[in-house]
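Throughout, a chain's letter reflects where its sequence line sits, starting with A, and its residues are numbered from 1. If you're wondering where the values come from, they're calculated on a predicted model, not measured in any experiment. Just the heavy atoms: all of them, side chains too, but no hydrogens, waters or symmetry mates, feed the values below.
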2 protein chains.
Amino acid sequence: MGATKTEEFTLADITIAKYAKALGHPARIAILRILLERTSCICGDIVEELPLSQSTVSQHLKELKEAGLIKGDIEGKKVCYCIDAQAWKEAQQLLQVMFGKYKPCDTSCC
Amino acid sequence: MGATKTEEFTLADITIAKYAKALGHPARIAILRILLERTSCICGDIVEELPLSQSTVSQHLKELKEAGLIKGDIEGKKVCYCIDAQAWKEAQQLLQVMFGKYKPCDTSCC
DNA sequence: ACTTTTAATCGTAATTTTACGATAATAAAA
DNA sequence: TTTTATTATCGTAAAATTACGATTAAAAGT
């Protein structure tokens, strides 16, 4: 036991959960904020901005990459990270639709 | 090691990560969808709709509750779950603002 | 009072995540 | 070519997550 039963759910739920999971750590939110701040994407000094070691930041970057939310292109000695426009929009849309489905309930219990 | 360095980040990042983490599993997305479907919130048959055992579903419900996204009121023999309007709106807003910050980058690398 | 129903909690096991230092790997600079 | 800078990966350890069966707790029904 312990392994997530991913197969048993709908693709929509799996996809939204994948994106949400990637967003589920303050360090990764912080990384995304750094990438969101710039219009250009020459970025390689993410490590200095975070209270974590280089290897740990690299790991978080990997997870964001695996979720599809960011891309990393080798630019000489450094690696240039930026947000993946397509995945970003998909995640945004999926979450937006889900959050928009809420309607205040009419029974007394809540 | 292994413990998340939660203290070192901004409250905004911690909060958004907390909500995202709660959304980071297909089962919990499925649960939220079930709750979103109804305008009333007499719900106690969430277990039947999921391919998981009762104890596992209960655990997922607990995590959603701890993140603040849902509430559970005891209604006689059953427990009545529903979405917490305030937390829901906060999560929605935080995510919306963050996702809205994206602007396509102008350099060649991406 | 006893039984049934419903949901939480406990105990346990496997897996995954988080984190770091140390070590590669790669490309630019000297 | 050797050195330096930058990032990824490996190895490892602690902690958290996921999952389930068994048990407990509480309320309702008999």
Peer 1: What is the minimum heavy-atom distance between B:Ala22 and B:Ala67, and which atoms define it?
Peer 2: CB-CB, 3.5 Å
Peer 1: To the side chain of B:Ser58, which of D:dT7, C:dC20, C:dT9 is closest?
Peer 2: C:dT9
Peer 1: When the distance from CG of B:Leu52 to P of C:dA7 is rounded to whole Å, what number comes out?
Peer 2: 16 Å
Peer 1: To the nearest Å, give me how far apart CD (A:Glu66) and P (C:dT17) are.
Peer 2: 9 Å
Peer 1: I need the CD-C1' distance between B:Glu75 and D:dA27, as an integer number of Å.
Peer 2: 13 Å
Peer 1: Rounded to the nearest angstrom, tell me the gap between atom NZ in B:Lys62 and atom C1' in C:dT9.
Peer 2: 7 Å
Peer 1: Write down the distance between CG (A:Leu64) and P (C:dT17), rounded to a whole number of angstrom.
Peer 2: 13 Å
Peer 1: List in chain and number order the residues that pass side-chain hydrogen bond (donor to acceptor under 3.5 Å, both in side chains) with A:Glu49, two or more places apart in sequence or in another chain; answer none if no residue qualifies.
Peer 2: A:Arg38
Peer 1: If I take atom CD in residue A:Gln59 and atom C1' in nucleotide C:dT17, what distance separates them, rounded to the nearest angstrom?
Peer 2: 8 Å
Peer 1: Does a sphere of radius 6.0 Å around CD in B:Gln93 hold more than 12 heavy atoms from other residues, nucleotides or ligands, not counting ones at 6.0 Å or beyond?
Peer 2: no
Peer 1: Can you tell which of D:dT7, D:dA8, C:dA8 lies closest to the side chain of B:Tyr81?
Peer 2: C:dA8
Peer 1: With a cut-off of 3.5 Å and sequence neighbours excluded, list every side-chain donor-acceptor pair involving residues 55-65 of chain B.
Peer 2:
from, atom 1, to, atom 2, distance (Å)
B:Ser55, OG, B:Ser53, OG, 3.3
B:Thr56, OG1, B:Ser53, OG, 3.0
B:His60, ND1, B:Arg28, NH1, 2.9
B:Glu63, OE1, B:Arg28, NH1, 3.2

Peer 1: Not counting sequence neighbours, list each pair that qualifies as a side-chain hydrogen bond (donor to acceptor under 3.5 Å, both in side chains) and has a residue in residues 14-23 of chain B.
Peer 2: B:Tyr19-B:Glu90
Peer 1: Distance check needed: C:dT5 C1' versus B:Asp45 CG, whole Å only.
Peer 2: 13 Å
Peer 1: If the condition is ring-ring contact (aromatic ring centres under 6.0 Å, His included), which residues does A:Phe99 pass it with, not counting sequence neighbours?
Peer 2: B:Trp88
Peer 1: Round to a whole Å and report the spacing from CG of A:Asp73 to C1' of D:dT6.
Peer 2: 16 Å
Peer 1: Hey, what are the protein-to-nucleotides 21-26 of chain D N/O distances that come in under 3.5 Å?
Peer 2:
from, atom 1, to, atom 2, distance (Å)
D:dG21, N7, B:Ser55, OG, 3.2
D:dG21, O6, B:Ser55, OG, 3.3

Peer 1: Not counting sequence neighbours, which residues clear side chain to side chain contact (heavy atoms under 4.5 Å, CB included) with A:Lys101? List them please.
Peer 2: A:Val97, B:Arg33, B:Leu36
Peer 1: Of A:Ile74 and A:Glu63, whose nearest nucleotide on DNA chain C comes first from the 5' end?
Peer 2: A:Glu63
Peer 1: Got a sec? Which of residues 17-30 of chain A come in under 4.0 Å of DNA chain D, heavy atoms?
Peer 2: none
Peer 1: Kindly write out the residues that satisfy salt bridge (Lys or Arg N to Asp or Glu O under 4.0 Å) with A:Asp84, not counting sequence neighbours, or none if the list is empty.
Peer 2: none
Peer 1: Give the minimum heavy-atom separation between A:Val47 and A:Gln54, together with the two atoms involved.
Peer 2: CG1-CA, 3.9 Å
